[in-house]
Asks: 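Just passing along the structure, written as structure tokens.
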Amino acid sequence: MHSAQLEIGEWLRDQGLQQVLQHTPESWVDAFEGRASDLLFAHGSFTAEEVVAFIGPPPNHINAVGAVCRTYAKRNKLVGSYEKATNPAAHARAIMRWREDKQ
């Protein structure tokens, strides 16, 4: 039963990601991916918080940040580890730091 609920939850998440991506301007997606790539090259990792601090929030919905970041990370086979957000407005919530998988 638990496995089926998890699968449904993952399916719903993925559907939500697709829906928000459909309404996110390509120019913002390109800016996000470009800055994420720059940070990966320069520092070996990035967080969505760092990218958004540089390019600004998405014009459509804040959920676009996670949707674009998750899609970019998956496509580039990045791995993540959790850390606390540094933006005071984020109240030190856990965020993902993405990096290349060295294994």
Side-chain angles (χ1 to χ4, degrees):
M1 183 85 144
H2 177 70
S3 177
Q5 290 174 332
L6 183 59
E7 287 180 30
I8 291 169
E10 289 174 342
W11 183 83
L12 289 169
R13 177 204 60 211
D14 293 345
Q15 293 303 305
L17 290 174
Q18 287 306 311
Q19 186 173 11
V20 77
L21 285 173
Q22 291 173 358
H23 299 286
T24 304
E26 193 170 320
S27 60
W28 191 87
V29 174
D30 291 345
F32 185 99
E33 291 184 351
R35 183 61 179 167
S37 293
D38 291 346
L39 290 169
L40 269 176
F41 180 76
H43 304 291
S45 68
F46 73 93
T47 67
E49 179 182 57
E50 293 166 341
V51 174
V52 171
F54 187 81
I55 68 168
N60 57 322
H61 195 281
I62 195 65
N63 287 358
V65 174
V68 171
C69 189
R70 184 176 181 81
T71 301
Y72 176 82
K74 187 175 182 179
R75 185 175 63 249
N76 290 285
K77 299 181 177 140
L78 303 179
V79 295
S81 58
Y82 287 103
E83 64 182 53
K84 290 183 180 181
T86 58
N87 180 345
H91 301 264
R93 74 173 168 263
I95 60 172
M96 189 69 69
R97 176 162 298 280
W98 296 100
R99 59 181 167 70
E100 292 179 349
D101 188 0
K102 299 294 183 185
Q103 294 180 357

Asks: Flag the pair Met96 / Arg70 as yes when at least one side-chain heavy-atom distance between them is below 4.5 Å, and no otherwise.
Replies: no
Asks: First locate atom CH2 of Trp98, then atom NZ of Lys74, and finally report the distance between them rounded to the nearest 0.5 Å.
Replies: 10.5 Å
Asks: Say whether Leu12 and Val20 are linked into one hydrophobic cluster, either directly or through other cluster members, by side-chain heavy-atom distances under 4.5 angstrom.
Replies: no
Asks: Does atom CD (Gln19) have a neighbourhood of more than 12 heavy atoms from anything else shown, all under 6.0 Å?
Replies: no
Asks: From the options Glu83, Arg99, Arg97, select the one residue that forms a side-chain hydrogen bond (donor to acceptor under 3.5 Å, both in side chains) with Ser45.
Replies: Arg97
Asks: List the atom pairs, donor and acceptor, that lie under 3.5 Å between side-chain atoms in residues 32-43 and the rest of the protein, sequence neighbours left out.
Replies:
| residue | atom | partner | partner atom | Å |
| --- | --- | --- | --- | --- |
| Glu33 | OE1 | Arg75 | NH2 | 3.0 |
| Glu33 | OE2 | Arg75 | NH2 | 2.8 |
| Ser37 | OG | Glu33 | O | 3.0 |
| Ser37 | OG | Tyr72 | OH | 2.6 |

Asks: Verify, without hydrogens or angle tests, whether Trp28 (side chain) and Gly56 (backbone) share a donor-acceptor contact under 3.5 angstrom.
Replies: yes
Asks: To the nearest 0.5 Å, what is the distance between CZ on Arg93 and CG on Asn87?
Replies: 7.5 Å
Asks: Do you know which two heavy atoms are closest between Ala89 and His91, and how far apart they sit?
Replies: O-CD2, 2.9 Å
Asks: Spell out, as yes or no, whether a donor-acceptor pair under 3.5 Å connects the side chain of Asn76 to the backbone of Leu78.
Replies: no
Asks: Ignoring hydrogens and geometry, is there a side-chain-to-backbone donor-acceptor pair from Glu49 to Ile95 under 3.5 Å?
Replies: no
Asks: Applying the 4.5 Å side-chain criterion to the ILVMFWY set and letting contacts propagate, would Leu17 and Trp11 be lumped into a single cluster?
Replies: no
Asks: Does some side-chain heavy atom of Pro57 sit less than 4.5 Å from a side-chain heavy atom of Val65?
Replies: no
Asks: For residues Lys84 and Ala92, report the shortest heavy-atom separation together with the two atoms involved.
Replies: CG-O, 3.7 Å
Asks: Is the number of heavy atoms from other residues, nucleotides or ligands under 6.0 Å of Glu26 CD greater than 12?
Replies: no
